[in-house]
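Below, read A as the first sequence line, B as the second, and so on, with proteins coming before strands; counting in each chain starts at 1.
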Number of protein chains: 2
Amino acid sequence: MKLSTKGRYGVKAMFDLAQHMGEGPISLKSIAERQGISEHYLEQLVSGLRKAGLVKSVRGAQGGYLLGKEPDKIKIGDIIRVLEGPIAPADCVSEEDPEICSKAEFCVTRTIWEKVRDSIAEVLDSITLETMLEDAKKIESDRSLYMYYI
Amino acid sequence: MKLSTKGRYGVKAMFDLAQHMGEGPISLKSIAERQGISEHYLEQLVSGLRKAGLVKSVRGAQGGYLLGKEPDKIKIGDIIRVLEGPIAPADCVSEEDPEICSKAEFCVTRTIWEKVRDSIAEVLDSITLETMLEDAKKIESDRSLYMYYI
DNA sequence: TTATATCTTATTAAAATACTCGGGATTTGT
DNA sequence: ACAAATCCCGAGTATTTTAATAAGATATAA
């Protein structure tokens, strides 16, 4: 029940791009540095995100990446699905072509994994990069308020 | 975001025990056969469940396993935690001694993994073996009703 | 005492994970 | 034209995890 670094790094990188919107293309190098991720490894992840249209690339010097859509159109679930595959606590309840099991009709454990799957999907699809930007703003203002009182 | 066979087999085995309550000790061999699991492998899993008090063992011939508590006292979350460890989509939000990260205070992605963790825990802790037995009964009666109409 | 079980530890094959490396293609600034 | 920056792509690899398998010790009912 753990996300791999793919999903976690991917969300971090996408959020980084969201935070630097309007500054032109952002290089992987700068993202990797800020987020503490291997640049080469990040390259592989971003390649998938680009093919899925979640980011756009600009090649050449001063090139980099931009969000492929508005932040409120990019759900965390979209990012996770690209990088980790369909949400599926068990293969028999995968969001995409679940593995058919002959006992599926009367399998009680299966209904549990369905509930887990749906609850994960609901959380991940309820949060967008926009939501995260708002959260970050709130945390920032809470912090400065706190500093003020010291 | 996938459960390993440990968690899945474990839940199946525990449910099997629940379904055979009152029949005395149930051997691993019979559980393994019914559920299509390697007996030796199941042995390892059940060993953990026993240490956690979720099952009781009876050694010797005609021995086997019994539920360690009433089915309504055994949550699926308990089984999963024993076999797969604390629920933790990321190490920094593990239910048990989360890995401290210096950026935790203002980390926005962290709050996402917290929400995912809580939503998974909520589902798994809302289902008990008793719930599953009721579900199974319902599925069975639905099936026979359906058969009746053919 | 024998057959049936649980218990325990060690080993292992295969897969997944998390990188690393090397080189090619494209664009910008000099 | 050229160098530097950057994306792009495929292959290789070390480590860890998964899912068993194996072998033998211990306990008990019949």
Side-chain angles (χ1 to χ4, degrees), chain A residues 1-13 16-17 20 23-33 35-68 80 83-86 88-91, chain B residues 1-13 17 20 23-33 35-68 80 83-86 88-91 99:
Chain A
M1 285 270 82
K2 201 170 290 184
L3 282 160
S4 70
T5 53
K6 284 180 201 166
R8 300 204 316 276
Y9 291 179
V11 171
K12 281 193 179 206
D16 191 291
L17 281 182
H20 293 88
E23 300 176 20
I26 307 295
S27 73
L28 279 192
K29 195 182 177 196
S30 68
I31 298 178
E33 269 170 18
Q35 305 297 331
I37 304 173
S38 145
E39 187 186 341
H40 274 294
Y41 189 40
L42 189 55
E43 226 165 36
Q44 294 173 23
L45 308 186
V46 172
S47 160
L49 296 171
R50 183 175 52 83
K51 281 164 191 162
L54 296 181
V55 300
K56 281 181 292 196
S57 66
V58 179
R59 300 185 66 166
Q62 267 59 52
Y65 290 89
L66 303 162
L67 288 185
I80 297 292
L83 296 171
E84 308 246 357
D91 287 332
Chain B
M1 288 271 79
K2 201 170 288 185
L3 282 161
S4 71
T5 52
K6 285 180 202 166
R8 300 203 316 277
Y9 289 179
V11 171
K12 281 192 179 205
L17 281 181
H20 292 89
E23 299 176 21
I26 307 296
S27 74
L28 281 191
K29 194 179 178 198
S30 69
I31 298 178
E33 269 171 18
Q35 304 298 332
I37 303 173
S38 147
E39 186 187 343
H40 276 294
Y41 187 40
L42 191 54
E43 228 164 38
Q44 295 174 24
L45 308 186
V46 172
S47 161
L49 295 172
R50 183 175 52 82
K51 282 164 192 161
L54 296 181
V55 300
K56 281 181 292 198
S57 65
V58 179
R59 298 184 69 165
Q62 267 56 52
Y65 291 89
L66 303 162
L67 287 186
I80 298 291
L83 297 171
E84 308 247 358
D91 287 331
E99 208 171 70

Taking C:dC19, C:dT6, D:dA20 as options, the one with an atom nearest any side-chain atom of B:Gln44 is D:dA20
Presence of A:Ser4 side-chain N/O under 4.0 Å of C:dA16 phosphate oxygens OP1/OP2: no
Side-chain contact check for B:Thr5: nearest option of D:dA19, D:dC8, C:dA18 is D:dA19
Rounded to whole Å, the OH-C1' distance (A:Tyr65 to D:dA5) equals 13 Å
Here the distance between atom C1' of D:dT16 and atom NZ of B:Lys6, to the nearest Å, is 12 Å
Winner on side-chain proximity to A:Gln62, out of D:dT6, C:dC7, D:dA29, is D:dT6
note: A:Leu45, atom CG; D:dC9, atom P; distance rounded to Å ~ 15 Å
Out of D:dC9, C:dT6, D:dT18, minimum distance to the side chain of A:Glu43 belongs to D:dC9
From the candidates D:dA5, D:dA29, D:dC7, the one with an atom nearest any side-chain atom of B:Ala61 is D:dA29
Of D:dC8, C:dT6, C:dC19, the nucleotide closest to the side chain of A:Tyr41 is C:dC19
Item to complete: Please state whether the phosphate of D:dC8, meaning OP1 or OP2, lies under 4.0 angstrom from any side-chain nitrogen or oxygen of A:Arg50.
Response: yes
Testing D:dC9, C:dT8, C:dC7 for proximity to the side chain of B:Lys51, the answer is C:dT8
Below 4.5 Å, heavy atoms only, C-beta onward: do A:Leu83 and A:Leu49 meet side chain to side chain?
-> yes
Determine whether B:Gln62 and B:Pro25 make a side-chain contact, defined as any pair of heavy atoms from C-beta on separated by less than 4.5 Å. no
